[in-house]
Each structure stands twice: as structure tokens, then as C-alpha cells.
Number of protein chains: 4
Amino acid sequence: MSSNLFQEILLSNASKLSVKQERIVEAAIQLFAEKGYSNTSTAEIAKAAEVSEASIFKQYGTKEKLLLHLIVPRVKEFFPVMAEEVIGSIVRTNSSLEGFLRAFLQNRVQFALENKDILRVLIKELVYKEEIKKEILPYLADVAASRLLPVIELFQERGELAQLPPRTVMRMLFTFIGGFFASRFVLLNQDHVTNEEIEDAVRFMLDGIRNPSSD
Amino acid sequence: MSSNLFQEILLSNASKLSVKQERIVEAAIQLFAEKGYSNTSTAEIAKAAEVSEASIFKQYGTKEKLLLHLIVPRVKEFFPVMAEEVIGSIVRTNSSLEGFLRAFLQNRVQFALENKDILRVLIKELVYKEEIKKEILPYLADVAASRLLPVIELFQERGELAQLPPRTVMRMLFTFIGGFFASRFVLLNQDHVTNEEIEDAVRFMLDGIRNPSSD
Amino acid sequence: MSSNLFQEILLSNASKLSVKQERIVEAAIQLFAEKGYSNTSTAEIAKAAEVSEASIFKQYGTKEKLLLHLIVPRVKEFFPVMAEEVIGSIVRTNSSLEGFLRAFLQNRVQFALENKDILRVLIKELVYKEEIKKEILPYLADVAASRLLPVIELFQERGELAQLPPRTVMRMLFTFIGGFFASRFVLLNQDHVTNEEIEDAVRFMLDGIRNPSSD
Amino acid sequence: MSSNLFQEILLSNASKLSVKQERIVEAAIQLFAEKGYSNTSTAEIAKAAEVSEASIFKQYGTKEKLLLHLIVPRVKEFFPVMAEEVIGSIVRTNSSLEGFLRAFLQNRVQFALENKDILRVLIKELVYKEEIKKEILPYLADVAASRLLPVIELFQERGELAQLPPRTVMRMLFTFIGGFFASRFVLLNQDHVTNEEIEDAVRFMLDGIRNPSSD
DNA sequence: TATGAATGAGAATTCATTCAT
DNA sequence: AATGAATGAATTCTCATTCAT
């Protein structure tokens, strides 16, 4: 029943939100980020947004649709943008693999910090809610793969990247980057990420932990 | 209020469970693993376990205590064991860093597959439930650090491991391994892990993705 | 935790109640009066009031708050009024001690009969529920003392009242009048009080049981 | 269904209680006295008595029977004794009305203090529980009347007591004494009663509050 | 005699949702 | 467009009671 909700909302062009609707969205994001969708009642959202519960339902129909209305537009905005703005531009500037990874991570961390709450909601519900997972995970995987694989292949052609199957490289990067975002923003609830941390991460992705001079 | 629950249960020696009580535990683990603690009602658990709801509460007092009674003993069992059995033994056999990582990952993946549901519960609630996170995460971090840091230092002395701050190495490994377990067992809900996957992971942790011959 | 409930409700100006809300109040008073707060379920109240249980909780939050919302406004109304309307006016008309006691008792009995159920609730819970006792008894004692002591002193000045410590007189009167109301309206559940009973009571308060001509 | 319970227990000769049974009785009396029968669970009693809940039910069948087993034997012991020991003896010693009232009140206050908890239970449940009231109140009234009326008539013959209908005198005394006990031991939960208080009460019962020299 | 284990029937409370105004 | 009022269906938890051992 909810399997088409994601598509629906994905394709719909979000109309401008009124002041009250904006308040609902903000309150919901914040509460969902903190306590999770399942542990947040519509009454709490209404109170935090200073609107009536009825208004929420008038606007969004069900609590689940509200969740999707929060997540989907940001997901749409998050990953596709990754393609053009981030990857494309960087690659064309003939940057090194290291430069690319650094810029990519910096850029996405920046974005995550600016959208921290919605990211927390996304990660939490991706882990917790089967419906969300089933709807969004394949989409994320597809989009991300279509953006990242060409880059990986490009760097392999340039000889900067180990000759592993591109999908293997991608999987490793996703595993690490996913772990990075989940641990920093959800588990540790960090409000900022130091340059050092980013450098460590870039270094790890590039070279791992082995002492290169050990033979 | 619940901050002592963890300690309490951690220190308590679980008494033997009757058949019905065993059924409660199994049903709860399975349901929590699938739908999450917050989306599982005690009525569902009772039905799945074929006991009365009252029996659950007689035994565990509250739903939250039930959750902790599922998680805590396994967490106790999971990590400390890591020290002696896994790390210790492996290190003493003078194995290489690569051998250690491979054995470690194989061993923990094996353990995870044997305790998949409880691991899923743990990861889900670690991400979702503030109380669980606050109680268990520091404990996990402590135990894990006390086990892993000596190993890291050992391999650094042997010159096999890059001369990075041990805590940095540890953080990177946790990030990756955490991402590995969370993605495989929670997001993808895999029932097995191929050798290839493990080899890829070991390779990535050791050497990253850079082409070593690129200079 | 409930110690501020009384104050809260005491100070709050009850808003107008809808028809259904009025029905809740009536049903609750009647049931609490008959069976006591602790032996009345919210389901029973809902059924008697022909509303849903949810409506009760939407309106009052908890069962205990409902109880206080029944009691407090009436207590407020009951005793202060005693001051101006009853005592004040009577005293100023230069009535005798006997006339005062008679009028006072008649007036309060009249009031009690008109508010019999709520009085029964009050007395029952005053006796039974520590929280109610702790919150309301001191308030009742204060208000009553502040009204009655001046009257006692006035009649002592006039020489109509025995030269006993005013507080002693007050305590005796409270003991007797409290016993009178509790026995008549709670124990015996009387629906009316005869003039004869009032006269007997007035006589007893004034002169006790001793034969005055016995010396 | 419970209307014969009282008679049953009243007529049964209580057998000696075992140690555990004694503990049950003590725990129940104390808890009922504090929180009331309706707000005390059998689980609490079992815990306080350090026996199993099953033992309580084995012994007493139902919670209500337990209550009656606590109350009835003491009520039996309380009032009949009043006849012989208290009233009879005092009257025959040709004591004055004042002496009688003083001795009576002193004696019953003493008894009440020695059995404070059971008295609190009795008063609370008399006020709160219809079944208890219906069963015990008539019995109390009967016994008390049969003891007190002869005394009243005796003092009237001696001319010490006002020439009022004996039942009227009795009712006034009950009202006052009931109010005295209820307020001191239940509402105020006093642990002792001063001589002064007793003197004040005796004085009030005898002479009321009127200034005798006012004519 | 004593009790550990189990439970059916309720209890208070919460929740997402509807609808008339 | 917004909401106050209302609720059916759960939800967590409690309770007196039973019974096999």
C-alpha cells in the first residue's frame, strides 16, 4: 500500500509551503530526528509546530505520508546533485583521486551538516522501517551507482585506482562512507567534522592501514 | 531512570529460563529484529510465543526491561570473548596483519550469522533508541578499545601497520566494520557472507583503493 | 508530583464545558460518590456518560486530574462563600450564638444536600487517598479557621461562649460537625435531615448532655 | 455474595495462626491502613509478608475474605468488651457522668492507639466499601446501642444527664466520638492523644460551648 | 503446607484519524 | 484553510486468582 507513496511523492512537484506547513515540516523533522518516527506522536508534532493535529492530517493525510514528504524531496535533491555539481565538475578539472575523494567527502559532509536532522531521519528510518528501506534503498543505490561507477572507471583508466571490479570498489566506499555518516551523525550526533577526520578518512580509503614500506 | 537498567542486567546472573520463558525470548528477538522494538507490541510477542501477555510482564516487568534482557547478556558474551578467544589467540600465533584481519572478520561474521537476529536488534536500537545508545555505546566502545588498541600497537611495533595514532586506526576500522555489519545484516539482511566479500573487505582495510603502482 | 495539581486546578479558571464534558463530570461524581474513586474505572465513567474513554483522557489527562477537577472547584466554592454569605451576614444581624449555630448548620446542611454527591466524594477521598488528604485538608483547615475563629472570638466577647481557647472550641465544633456530615451523608447516606436532628445537634453543641440542674 | 461472609467469620472461632499467617495478617493490616484495601495489591502484601501470593489465597480464598478476617475478630473483641469491662465496671463503682465519660474515652483511646492500624482500616473501609459498611455498621450500631443505652438511662435516672430521648443522646455521642476517632486517627494520623484533648472532649460532651453564666 | 509459574480480565492511557463548523 | 471535539483500536501494564508440583 505504501510502495507507491515514494514514487508519487518523488514525481510530484512540491508546491510552496505556507507558514504553518513549514512549521509542521520543521517540527516533524526535528522530532523524528531525535526520537524516531515511531516514537513521535502526531500530537507532539502539532504541539511543537503550534498547529492543530487536524491541520497535519488535512495537509498530509497520514503520518506516514508526512514522513515521506519530509524525506523524499531532500533525497531527490541530495543525490542527483551529487552527479553534476560534485562529481562531474571535479572530474573534469583533472583532479587526482585523492583530490576527488577529499572534495567529495568535504562537500557531502558540508551538505550533511546543513541537513543534519533530515539525514538523521533518513538513516534512522532506513535502518528501522522496512517500508522506507524497500522504497528508498534501491533508489539510492541506483542513483549513487550511476554517478559513482563512471568516476571509478575513469580513475581506473587513469591508473590511479586499483584494478578491482568497479562494483567492488563502490561497495567498499559505500560501506565506509555509510559507516562514517551513520556513526558521526546518528550514533555520535556530532555537530561538526574536523578536517583531520576528513583527512584520516581520505587516507584510509586510499591506502588502508598497512604500512606501505613493509614488504 | 533506565540508565541503571543496563548495569543491573549486566551484573545480574540470568537464571535458567523455563520453556515458556525461552519462547518469549525467541519470539521477542525475532520480532524486534524484523520490525524494531518500537513497532512490536507485547501482544504480538505473546501471541508468537504462545504465552499470555501477563507472563511477559511477570517475567520482565516492562517492555523495556525485556529488550535489555535480550540484548545485554549477548553483548556481554559477544565482546569480551573477542579479547581472549579471538584477538589473543591469533596474535600469539605470530600471524600477519592480513591474517589477523581475515581471521577476525571471518570469526565475527560467523558469530554474527549465528546471532543474526540479536545483532539486528542491537544495531537497530543503537541507532534508534537514545536510552539504549547511551547505555550500551560507551560500554561497547570501552570494551572494544581495550581489546583492539593493544593489537594495533603490537602490529605497529612489528612495522606492519602504518604509523598513525592507534586511535585513528581504530576509528577507521570501526567505521568500516560497523558499516559492513550494519549494511550486510540490517540494510541488506543478508543470510550469508561470501569469502569474496570478506577478502574484498580485508584488502580494502589493508590497502584502500589506490593503485599502489601509481606514483 | 500531584502536590501541585491541586494548586494548579485551584488557580485555573475552568472553561465552559461542552455537553459531553458535562456528562463526564456528572457521571464521574455519581460513580465516585457511590463506589469511591479507586473502585470506579474510567470505562465505567465513559459508559455512564455515553462518551468514549478517550474523551475523558483528552479532557482531563489522567484519572486523578479528573478527580481533582471535580473536587477542587466545589471546595473553592464551598468554603470561601461560607465566610461572607453565611457567617458574616449572620453575625452582623446580631443573632445569638444559638441562632448562629442553627442558621449555620441549616445552611450548610442545605448546601450539602444540594451537593451531596460531591460531598461524599470529598469525604471519602479525604479519608482514603493520601494525596487528596495532603493537598486539601490543610487548605480546608486554613480557610475554615480563618472564617470561624473571628466568629468564636466575637461570641466570646459578647459573653455567650465559654471562655475556652478559641482553637479548642473550633476543634470541638469541627470534630462534631465533621462527624455529623460524615455519618449522615456518607455512612447513612441520608437524603434529608430533619429539623429535629438539627435542633438536637445545636442543643448538643451548645449545652452538651449534662443535666444543667444537677449540681 | 459477601453478605454472609461477615456472619461466617464472626461466628467462626479463629484458629491459632502460624508464623507465616501472622506475617500475612500484619502486612495486610499495615498496608490496608496506609493505602486502603482498594489500593493495595495482593502482590504487595505477599512481598511485605515475605510469603508467596499463593499462600495468601490458600489461606484466605479471596482478597475480600482476608480483609474480613482482619477486621471481624477485632471488631468482635473491641465492642463487646466495651460492655463488661468498660461500662459495667465503671457504672457499678458509682462514678459520676463526668468520670464515666473520661474513663470511657481514655480507655477507648488507649485501645485505639494499641490497635491503631486495624482501626484505620475499619474506619477507611466503613467509609469506602459498601459491603463492609452494610455488614459491619448495623452490627456495630446494635452492639453499641445495647451497651450504651442502659448506661444513658442509668445516668438519667440519677439526674446527671439531660432529659433527652436516650437514642438522641446516644446519637450525639456517637457523632462526636466517631468524629473524634476518625479525625485523630485517620485524618491526622495521630500517634498519641494528650490528656488535654481528652479533657476538652469530655467537657464538650458534657457542657457544650455555651457560657453557662450567660442568661 | 507452600509456592513458582501462568493467566483472563481488566485498567489507565495513547494514538492516528475523522468530521462538523 | 484551520481546528475543537470526538473516538475506535491499540498499548503497556496490573490484578486477583488458579494449579501442578
Side-chain angles (χ1 to χ4, degrees), chain A residues 18-21 24 37-46 49-67, chain B residues 15-21 23-24 37-46 49-66, chain C residues 15-21 23-24 38-46 49-66, chain D residues 18-21 24 37-46 49-66:
Chain A
S18 75
V19 180
K20 294 215 167 186
Q21 287 162 26
I24 294 172
Y37 170 83
S38 299
N39 299 324
T40 303
S41 70
T42 51
E44 281 175 285
I45 298 168
E50 292 178 293
V51 300
S52 69
E53 268 190 275
S55 289
I56 297 177
F57 285 93
K58 189 70 131 195
Q59 195 52 218
Y60 296 101
T62 67
K63 192 186 165 194
E64 196 181 357
K65 280 190 192 166
L66 167 60
L67 173 62
Chain B
S15 50
K16 287 286 170 292
L17 298 179
S18 78
V19 181
K20 294 212 169 189
Q21 287 159 22
R23 284 215 305 267
I24 293 172
Y37 170 85
S38 299
N39 298 324
T40 304
S41 72
T42 51
E44 282 175 284
I45 298 169
E50 290 179 293
V51 300
S52 68
E53 270 190 272
S55 290
I56 297 177
F57 285 95
K58 192 69 139 196
Q59 200 48 221
Y60 296 101
T62 67
K63 193 186 162 194
E64 196 183 354
K65 279 191 193 168
L66 167 60
Chain C
S15 50
K16 286 287 171 290
L17 299 178
S18 77
V19 180
K20 294 213 169 188
Q21 287 159 22
R23 284 214 305 266
I24 294 172
S38 299
N39 299 324
T40 304
S41 72
T42 50
E44 283 175 283
I45 298 168
E50 291 178 295
V51 300
S52 69
E53 271 191 271
S55 290
I56 297 177
F57 285 94
K58 193 69 138 195
Q59 198 50 218
Y60 296 101
T62 67
K63 194 187 161 194
E64 196 182 355
K65 280 190 192 167
L66 167 60
Chain D
S18 75
V19 179
K20 293 214 169 187
Q21 287 161 25
I24 293 172
Y37 170 84
S38 299
N39 298 324
T40 303
S41 71
T42 51
E44 281 175 285
I45 298 168
E50 292 178 292
V51 300
S52 69
E53 270 191 273
S55 290
I56 297 177
F57 285 93
K58 188 69 132 196
Q59 197 51 219
Y60 296 101
T62 68
K63 193 187 164 194
E64 197 181 357
K65 280 190 193 168
L66 168 59

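Here the structure is a predicted model, which is why all the values come from computation and not from measurement. Chain identifiers are assigned alphabetically (A, B, ...) following the order of the sequence lines, protein sequences preceding nucleic acid strands; residue numbering begins at 1 within each chain. These numbers come from the heavy atoms of this one structure, side chains and all, not from hydrogens, waters or symmetry mates.
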Task: Whichever of C/A54 and C/E44 has its nearest DNA chain E nucleotide further upstream toward 5' - done: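 It is C/E44, whose closest nucleotide lies nearer the 5' terminus.
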
Task: Nearest-nucleotide comparison on DNA chain F, the residue closer to the 5′ end among C/K20 and B/S38 - done: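 Whichever sits nearer the 5' end wins; that is C/K20.
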
Expressed as a whole number of angstroms, how long is the span from [X]:[atom1] to [N]:[atom2]?
X     : N      : atom1 : atom2 : value
A/I56 : E/dT18 : CD1   : P     : 14 Å
C/Q59 : E/dA12 : CD    : C1'   : 17 Å
C/R23 : F/dA6  : CZ    : P     : 9 Å
C/Y60 : E/dA12 : OH    : P     : 16 Å
B/K63 : F/dA10 : NZ    : C1'   : 12 Å
D/E50 : E/dA2  : CD    : P     : 15 Å
B/E53 : F/dC13 : CD    : P     : 10 Å
B/L66 : F/dT11 : CG    : P     : 15 Å

Might you point out which heavy atoms bring [X] and [Y] nearest each other, and give the distance in Å?
X     : Y     : value
D/Y60 : D/Q21 : OH-O, 4.1 Å
A/A46 : A/S52 : CB-C, 3.9 Å
A/T40 : A/K63 : O-NZ, 2.7 Å
B/V51 : B/I56 : CG2-CG1, 4.3 Å

- [ ] Would you mind pulling out the nucleotide paired to F/dT21, Watson-Crick or G-U wobble, both distances under 3.5 Å?
- [x]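 E/dA2 - that is the nucleotide pairing with F/dT21, both distances being under 3.5 Å.
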
Task: Complementary nucleotide for F/dA16 - Watson-Crick or wobble, under 3.5 Å - done: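 Across any shown strand, F/dA16 pairs with E/dT7.
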
- [ ] Report yes if some heavy atom in the side chain of D/L66 is under 4.5 Å from a heavy atom in the side chain of D/I45; otherwise report no.
- [x]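 Contact flag for D/L66/D/I45 side chains = yes.
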
Does [X] make a side-chain N or O approach to OP1 or OP2 of [N] shorter than 4.0 Å?
X     : N      : value
A/S41 : E/dT14 : no
C/S55 : F/dT7  : yes
A/K58 : E/dT18 : no
C/T42 : E/dA11 : no
B/Q21 : E/dA6  : yes

